Amino acid sequence: MITTNQYVPIKFSGFEEVSKTAAFSWADMQKKYARTKYSYERSVSFVRNKKEHLNEWFVLQSLFNHNVPSELINLLDNLVKENKMDSAKLSDFKIMGNVKKLYTQFINRFNRIPKVFPVIISATEALNVDLVISNFNVKSMKYALTIEELDIQYQVFISLAFGNQVYDVAAKLRKYDKDLYNFVGGLPSIPFQDETLKQWIVRHAGTTDNLTIHSVARLWEQPDFPRDKSMAEMKAYITKHRAVTEWEFAKQKYPQIFDQPFECRIQNTPYKRKDEQVRVLDPNDKMQIMLGVLTVCCQRLDGTGEACMIEGLINPDSGFLVFERGSKVLAQSWIWLTEDHTCLVMDNIELADCRKPEDILSLLFEWANQSPYQNIQMGTGFNRVEIGLPVQAEEMKWYRQMWKFKYTDAHQRVWIKKNGKMCI
C-alpha cells in the first residue's frame with residue numbers, strides 16, 4: 001500500500017513512446033489526477049491526443065501499482081476507438097476501480113478473461129460489479145450468446161441475471177410473445193442482489209408485462225414495497241411511487257445537479273392532432289428521468305446511457321422530445337443543438353411498449369416539417385427505425401458537452417430535414 005509520504009517509481013508503459021522513469025509522491029499523484037480530471041470534465045470533445053494527455057492511464061497505473069496488464073490497456077483502447085466507451089472514463093477512479101476488480105477476479109478464477117469481457121467492462125455502470133464473477137456461468141453464457149433477439153450486451157446481461165435459469169426465462173418470454181430485447185433492457189442493476197427478487201422475476205417472466213417486472217425490480221428494496229402482496233397491490237404502489245422514487249434516487253446520486261432549476265433553450269413548437277402530440281418536455285418535468293424507463297432503453301439512472309439523461313438535464317442546449325397519445329408515451333428522443341446551433345440532432349429515437357416505427361413516423365414527419373429548425377438529424381445507433389438520408393462524416397457536428405461523461409448513438413446519422421426540405 002502506498003502511504004502519503006512514500007515515493008514510488010512510475011513507468012508509463014503501454015504507449016507508443018515510453019516515458020522515462022520518474023518519482024512522484026502520492027500527494028503529487030492526487031494533484032495530477034485532479035488536474036487531469038478537470039481537463040476531461042471541461043473538454044468539449046474527447047479527442048485522444050497523446051501529446052496533450054501523455055498519462056491517460058494514470059488511474060489504472062495507480063490502481064495496478066504501475067504495472068497495468070497490456071491486454072487490459074489494449075482492450076480499453078479499442079473500446080474507446082470503437083466508440084463503445086467514453087475516453088473520459090479512463091480518468092475516473094470509481095469506474096477504473098471496477099474495471100481493475102473485474103479483470104483481477106476473472107484472472108484469479110479462470111486464469112484468463114472471457115471473450116465477452118470488453119462488453120462487461122464497457123457497461124460497469126449497469127452492473128452490480130461485486131456479483132459479476134460469482135454469477136458468471138460459462139454454460140449459461142454460451143447459450144445466451146445464441147439468443148438471436150438480443151444484441152451481445154443484452155445476451156451477456158441475461159446470462160449474468162439468471163444463470164442456468166436463463167433457458168426457462170427465455171422460453172417463457174417466447175411462449176407468451178413478450179419482447180426479449182425489451183425485457184432485458186429494462187432490468188436494473190444486475191446481477192440481482194436479492195435471490196428472492198430473482199426468483200420472483202423468473203416466476204412472472206412472460207405472464208406479467210415487462211414494464212411491471214422492471215418497476216418491481218427497481219422498487220423491491222423500498223421499505224414499504226408490498227413484495228408479499230398481490231399483483232394488484234404492487235401495481236398500485238408502482239403507479240403512486242415510481243416516478244417520485246426515481247427522481248429521489250437521482251437526487252441522492254447527484255445532489256450537486258439537482259440543487260437548482262434546469263434550463264432548456266431548444267425551441268418548443270408542439271405538433272398536435274386529436275389526442276396525439278409531439279413536444280419538448282419542460283426542463284424541470286420529472287418525466288425526463290422516466291423516459292428511459294418508459295421506453296426500456298439505457299437512457300436512465302444507472303443505465304449505460306445515463307450520461308444522455310444527465311446531459312439532457314444540465315445542458316441548456318439539450319432536452320427531451322416526446323411522442324404522446326393521451327397520457328401515454330409512444331416514443332422519445334434525447335435531443336441537442338450542435339455547438340454552432342445550425343442543426344438539431346435527435347440522438348436516437350426509442351419506442352415504448354414494443355411499438356413499431358409506423359406508430360410514430362407520421363408524427364415525426366409533421367413535427368419536423370413545422371419545426372423552425374431547418375436542419376434535423378437523427379442518430380441510428382441501436383435504432384430500429386430505418387428512414388431518412390445518410391449523413392456524411394463531414395456533415396456531422398457535435399454539441400457543447402457539459403457533463404463529464406459522454407454516451408451517444410449519433411456516430412451514424414440520417415437526415416430528417418436538410419436545408420428546410422424533408423428527407424423522410
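As a basis for the values below, the full set of heavy atoms in this structure was taken, side chains included, without hydrogen atoms, waters or symmetry mates. Count residues from 1 along the sequence. None of these values were measured; they are calculated from a predicted model.
- By the 6.0 Å contact criterion, CD on E394 is enclosed, its count of non-hydrogen atoms from other residues, nucleotides or ligands being greater than 12.
- In D177, the CG atom is not crowded: 12 or fewer heavy atoms of neighbouring residues, nucleotides or ligands sit closer than 6.0 Å.
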For residues 249-259, which side-chain N or O atoms pair as donor and acceptor with protein atoms under 3.5 Å away, sequence neighbours left out?
unit_1 : atom_1 : unit_2 : atom_2 : d
K253   : NZ     : D302   : OD1    : 2.6
K253   : NZ     : E306   : OE2    : 2.8
Y254   : OH     : E306   : OE1    : 2.4

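- At least one donor-acceptor pair closer than 3.5 Å links the side chain of D86 to the backbone N or O of K406.
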Would you tabulate the side-chain donor-acceptor contacts of residues 110-123 under 3.5 Å, counting partners in other chains and residues two or more places apart, or write 'none'?
unit_1 : atom_1 : unit_2 : atom_2 : d
S122   : OG     : P118   : O      : 3.1
S122   : OG     : V119   : O      : 2.9

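- In this structure, a donor-acceptor pair under 3.5 Å is present between the side chains of E311 and N315.
- Annotation: the span from T380 atom OG1 to I349 atom CD1 amounts to 12.5 Å, rounded to 0.5 Å.
- For residues 313-328, every residue pair satisfying the salt bridge (charged side-chain N to carboxylate O under 4.0 Å, His left out) rule, not counting sequence neighbours, is listed here: R265-D317, E276-R325, R279-E324, K328-D353.
- Here salt bridge (charged side-chain N to carboxylate O under 4.0 Å, His left out) pairs that include residues 124-147, with residues two or more places apart or in two chains, are K89-E125, K101-D130.
- In summary, the side chains of R218 and T245 do not present any donor paired with an acceptor at a separation below 3.5 Å, with no hydrogens or angles considered.
- By the side-chain contact (heavy atoms from CB on, under 4.5 Å) test, Q267 is found to be paired with P372, Y373, residues two or more places apart in sequence or in another chain being considered.
- Applying the 6.0 Å contact sphere to NZ of K84 captures no more than 12 heavy atoms from other residues, nucleotides or ligands.
- Applying the salt bridge (charged side-chain N to carboxylate O under 4.0 Å, His left out) test to residues at least two apart or on different chains, the pairs with a partner in residues 410-424 are E395-K418.
- Annotation: side chain of D151 is in contact with side chain of Y181 (closest heavy-atom distance under 4.5 Å).
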